[in-house]
**Student:** 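Sharing a structure here in structure tokens format.
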Amino acid sequence: MYAVDRPGYGYSGLADAMPVISDQAAAIRPILDSLHKANHPIIVVGVSYGSPIACRLAMDYPDLVDGIVLVAPPIGPGMEKIFWFTYPVESPTIHWFVPRMLKTANREKIHHREELTKMLPLWDRIHVPVVYLQGEEDGLVDTTNESFAREHLRNAPSLDIRMIPGRGHLIAFAEKDKIEKAILDLVDKTEAQRRGSPSFAGHP
């Protein structure tokens with residue numbers, strides 16, 4: 001399992017934002033290249049903003065991705081909350097005082113709708129199984145993203161949508177077991193497809 005510090009976070013140029021989603025996918029590609037000859041499926045997991053990047057990887061590098069798990073995914077243009085302070089934070093007067101990680105997040109937020117709009121013609125490129133998880137009470141990413149996924153992931157061989165009752169946006173922390181199960185279920189499905197045998201949903 002590889003956990004990526006996306007550009008602008010952690011040890012990947014903290015506060016040096018890379019708001020272009022295709023550029024972020026290209027930055028992550030070398031990891032997938034290194035796994036290309038692995039004898040097991042490569043499952044890409046995207047959490048929140050990482051979800052459209054996971055999708056973009058499958059769009060741009062289809063031979064390197066065998067399945068996608070999307071967690072609380074803002075994938076539809078304009079289908080997420082914009083805070084009142086998002087644009088004022090970019091003012092030079094205020095920007096100076098903002099923590100570096102939040103500078104990156106804010107810059108991504110400002111460009112997000114534009115970047116997702118660029119991806120609209122590319123959704124038919126996704127030809128791998130997808131699992132979608134979101135809290136039914138998500139107050140940051142609108143649950144209409146579920147409908148967007150159903151409409152635009154039409155070429156995915158399977159789309160497994162799991163809405164979690166009583167949970168908000170931070171299901172990556174609150175529902176680790178459910179996310180782990182979703183990943184393992186997808187590994188099972190893609191391994192079965194590789195062998196040419198019927199897939200199964202559960203994992204022992």
Side-chain angles (χ1 to χ4, degrees), residues 1-10 12 17-33 35 41-62 64-77 79-81 101 104-105 108-109 111-113 115-120 122-123 125-135 138 140-150 152-153 155-156 158-164 167-176 178-187 189-190:
M1 180 180 292
Y2 290 78
V4 178
D5 275 343
R6 293 196 296 101
Y9 296 93
S12 296
M18 185 183 287
V20 177
I21 289 177
S22 60
D23 289 349
Q24 292 217 30
I28 295 170
R29 177 186 178 174
I31 297 174
L32 301 184
D33 281 334
L35 301 171
I42 305 303
I43 307 300
V44 179
V45 182
V47 178
S48 193
Y49 186 92
S51 294
I53 297 171
C55 293
R56 189 72 198 228
L57 282 164
M59 293 170 177
D60 293 351
Y61 314 110
L64 300 179
V65 178
D66 295 304
I68 307 170
V69 176
L70 306 176
V71 181
I75 53 177
M79 296 180 180
E80 61 182 306
K81 184 175 182 178
M101 186 175 73
T104 297
E108 290 177 343
K109 173 73 76 174
H111 292 275
H112 202 207
R113 183 169 189 161
E115 288 299 305
L116 294 180
T117 301
K118 290 180 188 177
M119 292 170 59
L120 286 175
L122 308 179
W123 286 96
R125 294 185 185 180
I126 294 182
H127 292 265
V128 297
V130 179
V131 179
Y132 176 116
L133 300 98
Q134 186 176 14
D138 195 328
L140 183 60
V141 174
D142 200 290
T143 53
T144 53
N145 280 274
E146 174 198 359
S147 299
F148 181 92
R150 291 186 189 278
H152 289 82
L153 287 166
N155 285 342
S158 65
L159 173 59
D160 181 358
I161 293 182
R162 307 181 186 186
M163 301 299 290
I164 303 175
R167 291 297 189 188
H169 186 65
L170 300 179
I171 58 171
F173 302 99
E175 296 289 355
K176 292 181 181 180
K178 286 185 173 63
I179 295 168
E180 179 181 355
K181 185 179 186 303
I183 295 169
L184 293 175
D185 286 350
L186 195 51
V187 169
K189 181 186 285 271
T190 52

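Just so you know, these numbers use all the heavy atoms, side chains as well, and skip hydrogens, waters and symmetry mates.
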**Student:** Minimum heavy-atom separation for Ala149 and Leu159, please, with both atom names.
**Tutor:** O-CD2, 3.7 Å

**Student:** Could you grab the distance from atom OG1 of Thr117 to atom CD of Glu115, nearest 0.5 Å is fine?
**Tutor:** 9.0 Å

**Student:** Quickly, which of Ile126, Leu186, Val131 forms a side chain to side chain contact (heavy atoms under 4.5 Å, CB included) with Ile68? Name it, please.
**Tutor:** Ile126

**Student:** Once rounded to the nearest 0.5 Å, what's the spacing between atom CH2 of Trp123 and atom CD1 of Ile75?
**Tutor:** 4.5 Å

**Student:** With rounding to the nearest 0.5 Å, note down the distance linking CD1 in Ile183 to CG in Leu133.
**Tutor:** 9.0 Å

**Student:** Does a salt bridge link Lys181 with Asp185, judged by any charged N lying under 4.0 Å from a carboxylate O?
**Tutor:** yes

**Student:** Taking all non-hydrogen atoms of both residues into account, name the closest pair between Arg162 and Asp160 and its distance.
**Tutor:** NH2-OD2, 2.8 Å

**Student:** Examine distances only and state if a side-chain atom of Gln134 and a backbone atom of Asn145 form a donor-acceptor pair shorter than 3.5 Å.
**Tutor:** no

**Student:** Considering non-hydrogen atoms only, spot the tightest contact between Pro19 and Tyr49 and give its length.
**Tutor:** O-OH, 3.7 Å

**Student:** Should Ile42 and Asp66 be marked as a side chain to side chain contact (heavy atoms under 4.5 Å, CB included) after you check the CA-CA gap, both sets of side-chain angles, and the distance that decides it?
**Tutor:** CA-CA 5 Å; Ile42 305 303; Asp66 295 304; 3.8 Å; yes

**Student:** Would you say Arg6 has more than 12 foreign heavy atoms packed within less than 6.0 Å of its CZ?
**Tutor:** yes

**Student:** Side chains of Arg56 and Gln24: donor-acceptor distance under 3.5 Å anywhere?
**Tutor:** no

**Student:** First locate atom CG of Leu153, then atom SG of Cys55, and finally report the distance between them rounded to the nearest 0.5 Å.
**Tutor:** 6.0 Å

**Student:** So which atom in Met119 and which in Pro52 form the shortest heavy-atom distance, rounded to 0.1 Å?
**Tutor:** CE-O, 3.6 Å

**Student:** So, do Leu57 and Leu64 sit near enough that their side-chain heavy atoms are less than 4.5 Å apart?
**Tutor:** no

**Student:** Nearest 0.5 Å please: distance from the OG1 atom of Thr144 over to the CZ atom of Arg150.
**Tutor:** 13.0 Å

**Student:** If you apply the rule side chain to side chain contact (heavy atoms under 4.5 Å, CB included), what do you find for Ile21 with His112, and how did you get there?
**Tutor:** CA-CA 8 Å; Ile21 289 177; His112 202 207; 4.1 Å; yes

**Student:** Distance from Glu175 atom CD to Glu180 atom CD, nearest 0.5 Å?
**Tutor:** 12.5 Å

**Student:** Looking only at heavy atoms, what is the nearest atom pair of Ala25 and Tyr61, with distance?
**Tutor:** O-CE1, 4.0 Å

**Student:** Going by heavy atoms in the side chains, are Met163 and Glu146 under 4.5 Å from each other?
**Tutor:** yes

**Student:** For the residue pair Pro73 and Val141, what are the closest heavy atoms and their distance?
**Tutor:** O-CG1, 3.4 Å

**Student:** What residues, two or more places apart in sequence or in another chain, satisfy side chain to side chain donor-acceptor pair (under 3.5 Å) together with His169?
**Tutor:** Ser48, Asp138

